[in-house]
Amino acid sequence: MIIRVFLLIICAATFCNAQKAADSAAKNNLAKQASATVRSSPAYAEVLLRRTELEADLEDLLVAYTLEFPKVKEIQFQLGLIKTEMERLFAVKNAESQKLTPALGKLIIRKIELQTVLWNLQNQYKEDHPEVKKAQRKVLVFESAIKDVLF
C-alpha cells in the first residue's frame with residue numbers, strides 16, 4: 001500500500017514537471033514569435049538604425065578618446081535609452097504589432113534625442129532652470145505621443 005502511494009506521488013510529480021515544461025516551451029515559442037514580429041517591424045528598424053549609427057560613432061571616438069570623453073559618455077547614455085526603448089517594443093503583443101509603424105520609430109528616436117538634450121542640460125544647470133524645465137516638457141510631449149500609439 002505504501003509503495004502504491006509512493007508511486008502515485010512520483011507519477012503526479014512527473015506529470016506536474018512535464019506540464020510545467022510544456023507551459024514553458026509554449027511561452028518561449030510565443031516570445032520567439034513576438035520577437036520575430038517586432039524585429040520585422042518598421043518601428044524596430046528605425047530604432048535599430050539609430051543604434052547602429054551610434055555604435056559606429058562610438059567605435060570611431062574610442063580610437064582616439066577614453067570612456068571619460070564627454071561625447072563618448074553622451075553616446076553611451078543614448079545607447080542605454082535605446083536599449084530601454086527596444087525592450088519596450090518587445091513588450092508589444094503580437095496582436096498589436098500593427099502599432100509598430102515608422103512614425104512610432106521616429107517618435108522614439110526624437111524622444112531619445114530630447115532626453116539627451118535634457119541630460120546635458122541637467123549636467124550644466126539645476127533642475128529648476130528654465131531650459132531644463134522646457135526640455136522636460138518636450139520629453140513629456142513625445143512620451144505622451146508614444147503612449148498614445150502603444151496604449
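Here the side chains of Thr116 and Phe77 are in contact, with some heavy-atom distance below 4.5 Å. Within the 4.5 Å cutoff, no side-chain heavy atoms of Leu114 are placed close to those of Val141. With contacts defined as side-chain heavy-atom distances shorter than 4.5 Å, the pair Thr101/Pro42 does not qualify. By the 4.5 Å heavy-atom criterion applied to side chains, Gln136 and Leu118 are counted as neighbours. Contact check for Phe142 versus Gln115: no side-chain heavy atoms found under the 4.5 Å cut-off. In this structure, Asn120 and Glu74 have side chains that are in contact, with non-hydrogen atoms separated by less than 4.5 Å. At least one side-chain heavy atom of Leu104 sits under 4.5 Å from a side-chain heavy atom of Ile108. Within the 4.5 Å cutoff, no side-chain heavy atoms of Thr66 are placed close to those of Val72.
A salt bridge does not link Glu96 to Lys93: none of the charged side-chain nitrogens sits closer than 4.0 Å to a carboxylate oxygen. Salt-bridge check for Arg50 with Glu46: failed, with every basic side-chain N at 4.0 Å or more from each acidic carboxylate O.
Exactly one of Glu85, Met86, Glu87 qualifies for a side-chain contact (heavy atoms from CB on, under 4.5 Å) with Lys83. That residue is Glu87.
For Thr84 and Arg88, the side-chain atoms include no donor-acceptor pair closer than 3.5 Å.
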Without placing hydrogens or testing angles, list every side-chain donor-acceptor pair under 3.5 Å for residues 144-151, not counting sequence neighbours.
none

